[in-house]
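Report on the structure given below.
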Amino acid sequence: MTTSAGSPDAPRPLLNRRLAEFGTTIFAEMSALAVRTGSINLGQGFPDEDGPEEIREAAVRALRDGRGNQYPPGSGVPELRTAVVEHQQRRYGLAFDPDTEVLVTAGATEAIAASLLALLEPGDEVIALEPYYDSYAACIAMAGGRRVPVQLRPKDGTYHLDLDELRDAITPRTRLILLNTPHNPTGTVLTREELAEIARLAVERNLLVITDEVYEHLVYDVEHIPLATFPGMRERTVTISSSGKTFAFTGWKVGWVTASPELVAAVRSAKQFLTYVSAGPFQYAVAEALALPDAYFDGLRAELHAKRDLLSTGLAEAGFEVYRPSGTYFVTTDIRPLGGTADGFAFCRELPERCGVVAIPNAVFYDDRAAGAPFVRFAFCKRTEVLQEAVARLKGLATA
Ligand code: PMP
Ligand code: GLN
């Protein structure tokens with residue numbers, strides 16, 4: 001629909017031009033397709049079982065006790081800010097002040113949006129690893145920035161960052177690097193050496209870094225190292241995480257930012273006019289979740305590790321080329337060895353009909369659509385029997 005208000009000759013699109021290139025997010029489209037066709041949904045990344053019962057009960061208790069039912073403080077409830085600080089200290093040896101260096105947000109999504117809106121001027125360039133999580137492109141656009149993708153390239157069963165390409169992408173207009181490790185959708189976890197070089201470049205070129213570490217606890221056989229731990233990075237890094245992935249409550253939308261007081265103040269300036277605050281009672285529950293013993297985090301990791309292996313092996317047996325992830329709960333595959341279409345979009349649109357499974361075409365995470373075309377992502381944050389059934393169905397593709 002268009003409206004010609006103000007200009008009789010030139011009908012004007014309703015949607016702001018910054019958002020014109022972004023249709024409905026692929027996650028909504030594919031989850032709707034799964035519901036419509038009754039398919040197994042390995043598309044949108046959400047667990048099919050809720051997180052710990054005691055944490056759900058903590059949320060109920062907070063609601064009943066009247067904690068968080070009215071606007072919580074703009075930075076988040078003190079219990080959660082303290083829990084975030086203790087988590088960063090215990091896990092990574094990073095010290096933050098709960099009053100000035102932590103900001104609670106409506107999921108990582110709002111943290112990303114508020115950080116970009118706060119830190120970018122129109123025309124600033126933002127380097128983002130491609131394929132990139134879909135909200136990055138939209139939020140860079142809303143902030144008037146220009147995205148500059150640097151591709152992670154598939155080779156020998158995993159995706160790699162070329163540090164020379166990253167270095168070459170930096171220009172005098174580069175304001176910040178938007179990093180994501182563990183990386184959605186490829187499952188790449190940046191190594192200590194890669195992060196050290198990124199840190200060195202950021203310091204040398206005086207860049208800010210926003211680092212999205214929502215999958216920080218979902219790593220298999222490798223270590224997640226926060227960028228903020230590297231020399232010179234503590235003061236120039238906005239670190240983002242979220243309770244959605246770690247505690248399997250994606251609907252609660254409780255995320256957080258840790259950064260220097262100056263960066264937190266800047267991000268809060270934008271955040272206060274987006275939601276101001278959110279999820280009051282859930283903030284108390286997430287504070288308890290962050291304080292769970294190591295056994296919880298180890299158990300989650302072990303469970304997802306087994307599911308990663310189940311789905312990766314199953315997909316390989318079904319004929320896909322599999323990029324076995326080191327982190328996240330997603331497996332990227334190449335559909336070309338199956339011998340049919342090499343277009344991931346077409347493949348994903350047909351998959352429910354062909355075998356009752358839904359997946360995500362990685363091309364949506366690329367500016368360079370051709371580079372992403374043959375790749376398709378499957379989520380493994382589902383019950384074991386669901387994954388087994390999905391694998392059985394996908395194996396039928398070869399014979400169908
Ligand atoms: N960043 C990445 C890389 C993600 O995969 C997601 C998906 N949940 C988010 C951010 C958004 O997190 P939240 O649900 O906490 O907003
Ligand atoms: N992060 C989830 C994924 O990558 C989806 C989140 C969303 O639906 N926006 O699948």
Side-chain angles (χ1 to χ4, degrees), residues 22-35 41-48 51 76 80 84 103-116 128-140 152 159 178-190 210-219 224 227 238-258 271 274-275 278-279 282-283 285-286 289-290 304 311 325 327-332 348 358-366 372 375-382:
F22 305 103
T24 303
T25 152
I26 192 71
F27 304 117
E29 182 186 338
M30 288 301 169
S31 282
L33 183 63
V35 170
N41 189 356
L42 304 188
Q44 190 176 27
F46 63 90
D48 60 357
L80 178 52
V84 167
L103 176 66
V104 176
T105 55
T109 306
E110 190 197 29
I112 293 158
S115 301
L116 292 166
L129 305 183
E130 183 181 54
Y132 45 74
Y133 182 57
D134 69 342
S135 86
Y136 297 177
C139 289
I140 293 168
L152 297 179
Y159 277 74
L178 174 49
L179 215 60
N180 172 214
T181 184
H183 181 262
N184 177 11
T186 65
T188 297
V189 179
L190 295 175
I210 299 174
T211 169
D212 176 346
E213 302 184 0
V214 298
Y215 298 101
E216 61 185 316
H217 288 287
L218 310 187
V219 288
H224 166 70
L227 188 72
V238 176
T239 304
I240 294 172
S241 195
S242 164
S243 59
K245 318 292 163 186
T246 304
F247 302 112
F249 289 115
T250 58
W252 288 9
K253 296 295 285 190
V254 178
W256 52 87
V257 162
T258 46
K271 184 253 175 337
L274 294 174
T275 55
S278 59
F282 297 122
Q283 293 191 24
V286 172
L290 280 167
L304 284 168
L311 187 61
T328 77
Y329 44 49
F330 304 113
V331 189
T332 282
C348 288
V358 160
I360 299 283
N362 281 20
V364 295
F365 306 125
Y366 284 81
F375 301 105
V376 166
R377 187 194 86 174
F378 295 85
F380 55 85
C381 46
K382 307 291 172 181

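From a predicted model like this one, the values you see are computed outputs, not experimental measurements. Whatever order the structure lists them in is the order used to number ligands and atoms, beginning at 1. Starting from 1, each residue takes its place in the sequence as its number.
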Short version for Ala108: what comes under 4.0 Å of ligand 1, heavy atoms counted, is both

Check this for me - ligand 1, Asn180, N or O atoms closer than 3.5 angstrom, yes or no? no

For the side chain of Arg377 and the backbone of Gly43, is there at least one donor-acceptor N/O pair under 3.5 Å apart? yes

A student checking ligand 1 against Asn184 at a 4.0 Å heavy-atom cut-off should list atoms 3 (C), 4 (C), 5 (O)

Give a yes or no on whether the backbone of Glu29 and the side-chain of Thr24 come within a donor-acceptor separation of less than 3.5 Å. no

Which protein heavy atom lies closest to atom 15 (O) of ligand 1, and at what distance to 0.1 Å? Ser242 OG, 2.6 Å

Describe, in one word, how the ring planes of Tyr133 and Tyr136 are oriented to each other, choosing from parallel (under 30°), tilted (30 to 60°) and perpendicular (over 60°). perpendicular

Backbone N or O of Glu110 within a donor-acceptor pair of the Thr105 side chain at under 3.5 Å? no

With a heavy-atom distance limit of 4.0 Å, tell me whether Lys245 approaches ligand 1 through its side chain, its backbone, both, or neither. side chain

Give me the nearest non-hydrogen protein atom to atom 9 (C) of ligand 1 as residue plus atom name, then the distance to 0.1 Å. Tyr133 CE2, 3.5 Å

At a heavy-atom distance under 4.0 Å, which protein residues reach ligand 2? Sort them by chain and number, would you? Phe27, Gln44, Gly45, Tyr133, Asn184, Tyr215, Lys245, Phe330, Arg377

How close do Pro131 and Leu152 get, heavy atom to heavy atom, and via which atoms? CD-O, 4.4 Å

Where Pro47 and Ala248 come nearest, the two heavy atoms and their spacing: CG-CB, 3.7 Å

Donor-acceptor pair, Thr332 side chain versus Pro185 backbone, under 3.5 Å? yes

Gly107 heavy atoms within 4.0 Å reach ligand 1 at atoms 15 (O), 16 (O)

Closest to atom 14 (O) of ligand 1 among protein heavy atoms sits Lys253 NZ, 3.4 Å

cation_pi(Lys245, Phe46) dist<6.0 Å, angle<=45: no

Which residue and atom name correspond to the protein heavy atom nearest atom 5 (O) of ligand 1, and how close is it? Tyr215 OH, 2.6 Å

Measure from the side-chain N and O atoms of His217 to the backbone N and O of His224, and report whether any donor-acceptor pair falls under 3.5 Å. no

N/O separation below 3.5 Å, Thr250 to ligand 1: no

Please confirm whether Thr109 comes within less than 3.5 Å of ligand 1 when only nitrogen or oxygen atoms on both sides are compared. yes

So, applying side-chain contact (heavy atoms from CB on, under 4.5 Å) with Leu129, which one of Leu178, Leu179, Asp212 is it? Leu179

Gln44 and Ser31 have their tightest heavy-atom pair at OE1-OG, 2.6 Å

Considering heavy atoms of the protein only, find what lies nearest to atom 3 (C) of ligand 1 and give residue, atom and distance to 0.1 Å. Asp212 OD2, 3.3 Å

Determine the sole option in Val84, Val257, Leu80, Val286 for which the side-chain contact (heavy atoms from CB on, under 4.5 Å) test with Val104 is passed. Leu80

